[in-house]
Amino acid sequence: MQNRSATIAGMLLVVCCTIFLTFFYGPLRRIYISPSRIQQASSASEIYQTWEELGVRGRTAILFTRHLNSEVSMKDTEGFKLAELAMSHGIVRTIFHIVPDNAWPVVTENLSGRKNARNTSSGFALIVSEGRINVLPLSHYKPLGEKSLVVVEPGVWNKQELAQIAHLIKSGDLSTDLVLIIRGSLSDMETFRPGLPPPR
(Lines give C-alpha, C1' and ligand atoms only; values in the text may rest on other atoms or scores of the structure.)
Protein backbone atom coordinates (compact mmCIF):
# COMPACT_ATOMS: atom_id res chain seq x y z
CA MET A 1 0.00 0.00 0.00
CA GLN A 2 2.85 2.33 0.89
CA ASN A 3 4.64 1.53 -2.37
CA ARG A 4 1.47 2.26 -4.34
CA SER A 5 1.07 5.67 -2.67
CA ALA A 6 4.70 6.49 -3.39
CA THR A 7 4.22 5.48 -7.05
CA ILE A 8 1.12 7.67 -7.42
CA ALA A 9 2.88 10.60 -5.75
CA GLY A 10 5.84 10.14 -8.08
CA MET A 11 3.60 10.07 -11.15
CA LEU A 12 1.81 13.25 -10.04
CA LEU A 13 5.15 14.96 -9.54
CA VAL A 14 6.26 14.01 -13.06
CA VAL A 15 2.97 15.30 -14.55
CA CYS A 16 3.21 18.60 -12.65
CA CYS A 17 6.85 19.09 -13.71
CA THR A 18 5.95 18.36 -17.33
CA ILE A 19 3.14 20.93 -17.29
CA PHE A 20 5.42 23.49 -15.63
CA LEU A 21 8.20 22.97 -18.15
CA THR A 22 5.76 23.10 -21.07
CA PHE A 23 4.39 26.47 -19.99
CA PHE A 24 7.75 28.03 -19.25
CA TYR A 25 10.04 26.41 -21.81
CA GLY A 26 7.90 24.51 -24.31
CA PRO A 27 5.51 25.43 -27.13
CA LEU A 28 2.95 26.89 -24.69
CA ARG A 29 5.46 29.38 -23.29
CA ARG A 30 4.23 32.98 -23.38
CA ILE A 31 6.69 35.48 -24.82
CA TYR A 32 6.15 39.20 -24.22
CA ILE A 33 7.88 42.30 -25.55
CA SER A 34 9.51 45.16 -23.68
CA PRO A 35 9.10 48.07 -23.72
CA SER A 36 5.39 48.22 -24.51
CA ARG A 37 4.50 49.92 -27.78
CA ILE A 38 1.72 51.17 -30.02
CA GLN A 39 1.91 51.28 -33.80
CA GLN A 40 -0.12 51.29 -36.99
CA ALA A 41 -1.01 48.40 -39.28
CA SER A 42 -2.70 48.56 -42.65
CA SER A 43 -3.93 44.98 -42.97
CA ALA A 44 -4.43 41.65 -41.26
CA SER A 45 -1.24 40.31 -42.85
CA GLU A 46 0.72 43.26 -41.44
CA ILE A 47 -0.65 42.48 -37.97
CA TYR A 48 0.56 38.90 -38.32
CA GLN A 49 3.93 40.04 -39.66
CA THR A 50 4.40 42.42 -36.71
CA TRP A 51 3.59 39.69 -34.19
CA GLU A 52 5.99 37.33 -35.92
CA GLU A 53 8.83 39.88 -36.15
CA LEU A 54 8.50 40.77 -32.47
CA GLY A 55 8.67 37.08 -31.54
CA VAL A 56 5.56 36.98 -29.35
CA ARG A 57 4.32 33.47 -28.56
CA GLY A 58 1.54 31.70 -26.68
CA ARG A 59 -0.47 34.88 -26.26
CA THR A 60 -4.08 35.97 -25.90
CA ALA A 61 -5.21 38.50 -28.52
CA ILE A 62 -8.01 41.03 -28.01
CA LEU A 63 -9.36 42.26 -31.36
CA PHE A 64 -11.64 45.30 -31.23
CA THR A 65 -12.85 44.96 -34.81
CA ARG A 66 -16.10 44.48 -36.68
CA HIS A 67 -15.10 41.55 -38.87
CA LEU A 68 -12.69 38.71 -38.49
CA ASN A 69 -10.97 36.76 -41.26
CA SER A 70 -13.69 35.82 -43.70
CA GLU A 71 -15.19 39.25 -44.13
CA VAL A 72 -13.76 42.36 -45.72
CA SER A 73 -12.60 44.42 -42.76
CA MET A 74 -9.98 42.12 -41.23
CA LYS A 75 -9.25 40.13 -44.39
CA ASP A 76 -6.77 41.12 -47.05
CA THR A 77 -7.89 40.97 -50.67
CA GLU A 78 -5.84 37.78 -51.06
CA GLY A 79 -7.87 36.04 -48.36
CA PHE A 80 -5.37 36.21 -45.49
CA LYS A 81 -6.62 34.37 -42.39
CA LEU A 82 -5.21 36.14 -39.35
CA ALA A 83 -6.66 33.99 -36.55
CA GLU A 84 -5.95 30.58 -38.04
CA LEU A 85 -2.39 31.43 -39.06
CA ALA A 86 -1.46 33.06 -35.75
CA MET A 87 -2.89 30.14 -33.81
CA SER A 88 -1.35 27.42 -35.97
CA HIS A 89 2.11 29.00 -35.56
CA GLY A 90 1.82 29.32 -31.78
CA ILE A 91 1.75 33.12 -31.76
CA VAL A 92 -1.76 33.27 -30.31
CA ARG A 93 -3.57 30.57 -28.33
CA THR A 94 -6.85 32.37 -27.59
CA ILE A 95 -8.67 35.23 -29.32
CA PHE A 96 -11.34 37.55 -27.97
CA HIS A 97 -13.08 39.21 -30.90
CA ILE A 98 -15.00 42.23 -29.59
CA VAL A 99 -17.60 43.76 -31.90
CA PRO A 100 -19.77 46.91 -31.61
CA ASP A 101 -23.07 46.38 -29.80
CA ASN A 102 -25.09 47.67 -32.76
CA ALA A 103 -23.60 44.89 -34.90
CA TRP A 104 -24.35 42.14 -32.39
CA PRO A 105 -27.77 41.10 -33.80
CA VAL A 106 -26.19 40.47 -37.22
CA VAL A 107 -23.22 38.66 -35.67
CA THR A 108 -25.58 36.50 -33.60
CA GLU A 109 -27.57 35.59 -36.68
CA ASN A 110 -24.41 34.69 -38.60
CA LEU A 111 -22.90 32.59 -35.83
CA SER A 112 -26.07 30.80 -34.71
CA GLY A 113 -26.02 28.63 -37.81
CA ARG A 114 -22.39 27.55 -37.49
CA LYS A 115 -21.65 24.03 -36.28
CA ASN A 116 -18.49 25.07 -34.45
CA ALA A 117 -20.16 27.95 -32.56
CA ARG A 118 -21.14 27.44 -28.93
CA ASN A 119 -23.28 29.84 -26.90
CA THR A 120 -21.56 31.29 -23.83
CA SER A 121 -22.75 33.66 -21.10
CA SER A 122 -21.14 36.59 -22.92
CA GLY A 123 -21.51 35.62 -26.59
CA PHE A 124 -20.14 32.77 -28.68
CA ALA A 125 -17.09 30.52 -28.64
CA LEU A 126 -15.85 29.32 -32.01
CA ILE A 127 -14.06 26.03 -31.60
CA VAL A 128 -11.50 25.66 -34.39
CA SER A 129 -8.70 23.15 -34.83
CA GLU A 130 -6.13 25.83 -34.02
CA GLY A 131 -7.77 27.04 -30.80
CA ARG A 132 -10.70 29.02 -29.46
CA ILE A 133 -12.14 32.32 -30.67
CA ASN A 134 -14.50 34.08 -28.26
CA VAL A 135 -16.88 36.50 -30.00
CA LEU A 136 -18.82 39.01 -27.90
CA PRO A 137 -20.20 42.56 -27.93
CA LEU A 138 -18.24 45.38 -26.28
CA SER A 139 -20.83 45.68 -23.49
CA HIS A 140 -20.11 42.08 -22.41
CA TYR A 141 -16.32 42.33 -22.46
CA LYS A 142 -14.49 42.16 -19.13
CA PRO A 143 -10.68 42.49 -19.19
CA LEU A 144 -8.55 39.48 -18.39
CA GLY A 145 -5.83 39.42 -15.80
CA GLU A 146 -3.10 38.54 -18.31
CA LYS A 147 -1.12 40.82 -20.61
CA SER A 148 -2.65 40.60 -24.10
CA LEU A 149 -1.97 41.60 -27.69
CA VAL A 150 -4.50 44.28 -28.67
CA VAL A 151 -5.78 45.27 -32.12
CA VAL A 152 -8.13 48.25 -32.55
CA GLU A 153 -9.93 49.18 -35.76
CA PRO A 154 -11.03 52.80 -35.03
CA GLY A 155 -13.26 53.16 -38.09
CA VAL A 156 -15.90 50.74 -36.84
CA TRP A 157 -16.48 52.38 -33.43
CA ASN A 158 -18.32 55.55 -32.46
CA LYS A 159 -16.62 58.17 -30.26
CA GLN A 160 -18.11 56.87 -27.04
CA GLU A 161 -17.03 53.29 -27.75
CA LEU A 162 -13.53 54.39 -28.76
CA ALA A 163 -13.25 56.33 -25.52
CA GLN A 164 -14.34 53.23 -23.59
CA ILE A 165 -11.70 51.07 -25.31
CA ALA A 166 -9.04 53.73 -24.78
CA HIS A 167 -9.95 53.92 -21.08
CA LEU A 168 -9.54 50.16 -20.72
CA ILE A 169 -6.01 50.41 -22.10
CA LYS A 170 -4.90 53.66 -20.45
CA SER A 171 -6.25 52.68 -17.04
CA GLY A 172 -4.35 49.40 -17.16
CA ASP A 173 -7.56 47.38 -16.74
CA LEU A 174 -6.67 45.82 -20.09
CA SER A 175 -3.01 44.95 -19.67
CA THR A 176 -1.05 44.97 -22.93
CA ASP A 177 2.48 45.21 -24.26
CA LEU A 178 1.42 45.86 -27.86
CA VAL A 179 -1.45 47.84 -29.39
CA LEU A 180 -1.86 47.76 -33.16
CA ILE A 181 -4.17 50.34 -34.74
CA ILE A 182 -5.47 48.92 -38.02
CA ARG A 183 -6.26 51.44 -40.75
CA GLY A 184 -6.16 54.28 -38.24
CA SER A 185 -4.69 57.75 -38.37
CA LEU A 186 -1.94 59.28 -36.24
CA SER A 187 -4.60 61.06 -34.22
CA ASP A 188 -6.26 57.69 -33.60
CA MET A 189 -2.96 56.45 -32.21
CA GLU A 190 -2.79 59.39 -29.82
CA THR A 191 -6.10 58.26 -28.34
CA PHE A 192 -4.37 55.17 -26.99
CA ARG A 193 -0.81 56.43 -26.50
CA PRO A 194 -0.62 57.44 -22.78
CA GLY A 195 1.30 54.78 -20.92
CA LEU A 196 2.48 53.17 -24.16
CA PRO A 197 5.60 54.70 -25.73
CA PRO A 198 5.95 54.72 -29.51
CA PRO A 199 8.10 52.02 -31.12
CA ARG A 200 11.81 52.76 -31.47
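Being a predicted model, the structure only gives us computed values, none of them experimental. Throughout, numbering of the chain's residues begins at 1 and tracks the sequence.
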K.L.:
Please verify the inter-ring angle class for Trp104 with Phe124; under 30° counts as parallel, over 60° as perpendicular, anything in between as tilted.
P.N.:
tilted
K.L.:
Would you indicate whether the side-chain heavy atoms of Thr50 and Gln39 approach each other to under 4.5 Å?
P.N.:
yes
K.L.:
For the pair Ser175 (side chain) and Gly172 (backbone), establish whether a donor and an acceptor sit closer than 3.5 Å, ignoring hydrogens and angles.
P.N.:
no
K.L.:
Does any donor atom in the side chain of Ser88 or Glu84 lie under 3.5 Å from an acceptor atom in the other side chain?
P.N.:
no
K.L.:
Do Ile182 and Ser43 touch side chain to side chain, with heavy atoms closer than 4.5 Å?
P.N.:
no
K.L.:
Going through the checks in order, is the side-chain contact (heavy atoms from CB on, under 4.5 Å) test met by Thr94 and Val92?
P.N.:
CA-CA 6 Å; Thr94 305; Val92 171; 5.6 Å; no
K.L.:
For Arg30 and Arg59, work out which heavy atoms get closest and say how close.
P.N.:
CB-CD, 4.4 Å
K.L.:
State whether the side chain of Glu161 and the backbone N or O of Asn158 hold a donor-acceptor pair below 3.5 Å, judged by distance alone.
P.N.:
yes
K.L.:
Checking the side chain of His167 only, and the main-chain atoms of Ala163 only, is there a donor and an acceptor separated by less than 3.5 Å?
P.N.:
no
K.L.:
Keeping Ser148 on the side-chain end and Glu146 on the backbone end, is there a donor-acceptor pair under 3.5 Å?
P.N.:
yes
K.L.:
Does some side-chain heavy atom of Glu153 sit less than 4.5 Å from a side-chain heavy atom of Leu63?
P.N.:
no
K.L.:
Grab the two heavy atoms, one from Val156 and one from Pro100, that are nearest each other, plus how far apart they are.
P.N.:
O-CG, 3.5 Å
K.L.:
Keeping the roles fixed (side chain from Trp157, backbone from Phe64), state whether a donor-acceptor pair exists under 3.5 Å.
P.N.:
yes
K.L.:
Should Val99 and Thr65 be marked as a side-chain contact (heavy atoms from CB on, under 4.5 Å) after you check the CA-CA gap, both sets of side-chain angles, and the distance that decides it?
P.N.:
CA-CA 6 Å; Val99 302; Thr65 68; 5.8 Å; no
K.L.:
Is there a side-chain contact between Ile181 and Pro154 in this structure, where contact means two heavy atoms from C-beta onward sitting under 4.5 Å apart?
P.N.:
yes
K.L.:
For the residue pair Gln164 / Gln160, report whether a side-chain donor-acceptor contact shorter than 3.5 Å exists.
P.N.:
no
K.L.:
Look at the side chain of Arg118 and the backbone N and O of Lys115, then say whether any donor-acceptor pair between them is shorter than 3.5 Å.
P.N.:
yes
K.L.:
Please name the pair of heavy atoms, one in Ala83 and one in Ile95, separated by the smallest distance, quoted to 0.1 Å.
P.N.:
CB-CD1, 3.5 Å
K.L.:
Walk me through whether Val107 and Arg66 qualify under side-chain contact (heavy atoms from CB on, under 4.5 Å).
P.N.:
CA-CA 9 Å; Val107 173; Arg66 169 60 184 90; 3.5 Å; yes
K.L.:
Looking at Ala125 and Asn134, what are the two nearest heavy atoms and their distance?
P.N.:
CB-OD1, 4.0 Å
K.L.:
May I ask you to decide if Gly58's main-chain N or O and Arg93's side chain share a donor-acceptor pair within less than 3.5 Å?
P.N.:
yes
K.L.:
When hydrophobic residues are tied together by side-chain contacts of less than 4.5 Å, even through go-betweens, does Tyr32 share a cluster with Val179?
P.N.:
no
K.L.:
Closest approach of Asp177 and Ile33, non-hydrogen atoms and distance?
P.N.:
OD2-N, 2.9 Å
K.L.:
Give the cluster check for Leu149 versus Val128: same hydrophobic cluster or not, with ILVMFWY residues linked at side-chain heavy-atom distances below 4.5 Å.
P.N.:
yes
